[in-house]
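Basis for what follows: all heavy atoms, side chains included, without hydrogens, waters or symmetry-related copies. What you are looking at is a predicted structure, and each value in this text was computed from that prediction instead of being measured. Convention: sequence-line order gives letters A, B, ...; per-chain numbering from 1.
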Number of protein chains: 2
Amino acid sequence: MGANRLDEIDRKILAELQDDGRMTNVELARRVGISAPPCLRRVRTLEEAGYIRGYHADVNPRELGFEVQVFAMVGLHSQAEVDLSAFEQRCRDWPFVRECHMLNGEIDFILKCVAPDLSSFQTFLTEELTSAPNVASVKTSLVIRCAKDKPGVPFDVLEERLGRSA
Amino acid sequence: MGANRLDEIDRKILAELQDDGRMTNVELARRVGISAPPCLRRVRTLEEAGYIRGYHADVNPRELGFEVQVFAMVGLHSQAEVDLSAFEQRCRDWPFVRECHMLNGEIDFILKCVAPDLSSFQTFLTEELTSAPNVASVKTSLVIRCAKDKPGVPFDVLEERLGRSA
DNA sequence: GCGAGCGCGAAATATTATTGCGCATCCGGA
DNA sequence: TCCGGATGCGCAATAATATTTCGCGCTCGC
């Protein structure tokens, strides 16, 4: 469900705004082939319906002095819901942790972290993360380089699938 | 380097646009405490200097029919630069792969993937990823739920650090 | 202390966002 | 077949915003 309620213009709007979220409505309307007022109405509707959760500038961490990016794989002692939630809340409170995903399998959580330098990350790792309640194991991997970092979803795949089923 | 060249207003601009990338320049100027023209000039400068790499709508994958998110940990046979680059290029070509990070340690790459359903991901996994040249091992973990997903960097940490050093 | 460079803000103008409204189209029922 | 009702478009008008221009004050190096 969800994507079926959207027509081709809506999907094009989402694709364009995912690619350039600060595009003017006039330009957006031109690209999707309708006039500005209905285009803006569609955008508002998509926002209110939750298809668009927000807009964010993509800032460059290195330029801003965040030299270190790390993935941390975390295992917990207890997987009771109370304990899972407690750990998630800690992650929300830690500024270096940018993403926290609960996983299946042997790893319980994967965290994407960012830090100004290795030493400040080490301090966070030993004094905060590893020593947090219920944390059983933490494996970390430094990001050497990033080959791809696309936001959201591949709209071209969506079009293909809808095209076949339509 | 980098963040030092920015004054407090620049950093506030980046923080605000990271939080809401579609804010009008008038509103942004009001929040950072200067008038609209210099505010817009600063934004343009930040964009051109690479502090801002772009703007993106944050779309909701589930609403759009992408029910499955997966982290894939990939090991390669050869870590020669040619082979690393070749694998990275494949990742760029696979639409289901949204992020591809090269890591240190036993894992060579971590991929963040999105797919419409489990079966289409399985097809991708077996027919594309696992069977790609030079791929030695692939471990996948399904995302059960996402507790935190913040973009970019924690500007409050940046302010603290600069505050102490200034 | 004195010009040069820098960055601000006021004002004017160009563009864009937003609202109001009439029209065409597409059903579902008489 | 014909008739509302609902949906969604586009035009036109207005409000808001973006962008340019320009003069002023500030700081800094000499």
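- Spacing between atom CZ of B/R41 and atom P of C/dC6 amounts to 13 Å, rounded to whole angstrom units.
- Contact check, A/R44 against C/dT18: a side-chain N or O comes under 4.0 Å of OP1 or OP2.
- Between B/R22 and B/I9, the residue anchored nearer the 5' end of DNA chain C, judged by the nucleotide with its closest heavy atom, is B/I9.
- Each side chain to side chain donor-acceptor pair (under 3.5 Å) pair with one or both residues in residues 16-28 of chain A, not counting sequence neighbours, appears once here: A/E16-A/R31, A/E27-A/R30, A/E27-A/R31.
- A salt bridge links A/R44 to A/E47: one of the charged nitrogens lies within less than 4.0 Å of a carboxylate oxygen.
- DNA chain D lies under 4.0 Å from at least one heavy atom of each of the following residues of residues 24-40 of chain B: B/T24, B/N25, B/V26, B/P37, B/L40.
- Qualifying ring-ring contact (aromatic ring centres under 6.0 Å, His included) partners for B/F109, counting only residues two or more places apart in sequence or in other chains: B/F87.
- The line from CG of B/L64 to CG of A/L46 is 9.0 Å long, rounded to the nearest 0.5 Å.
- One finds the CD atom of A/Q69 at 7.0 Å from the SG atom of A/C146 (value rounded to the nearest 0.5 Å).
- One distance of note links CG of B/L129 with OG of B/S131; it measures 8.0 Å at 0.5 Å rounding.
- Atom CG of A/L17 and atom P of C/dA17 are 11 Å apart (whole Å).
- Atom CG of A/L46 is separated from atom P of D/dG8 by 12 Å (rounded to the nearest Å).
- The shortest distance between the side-chain N/O atoms of B/R42 and the OP1/OP2 oxygens of C/dC8 is below 4.0 Å.
- Rounded to an integer number of Å, the gap from A/I13 CD1 to D/dG8 C1' is 12 Å.
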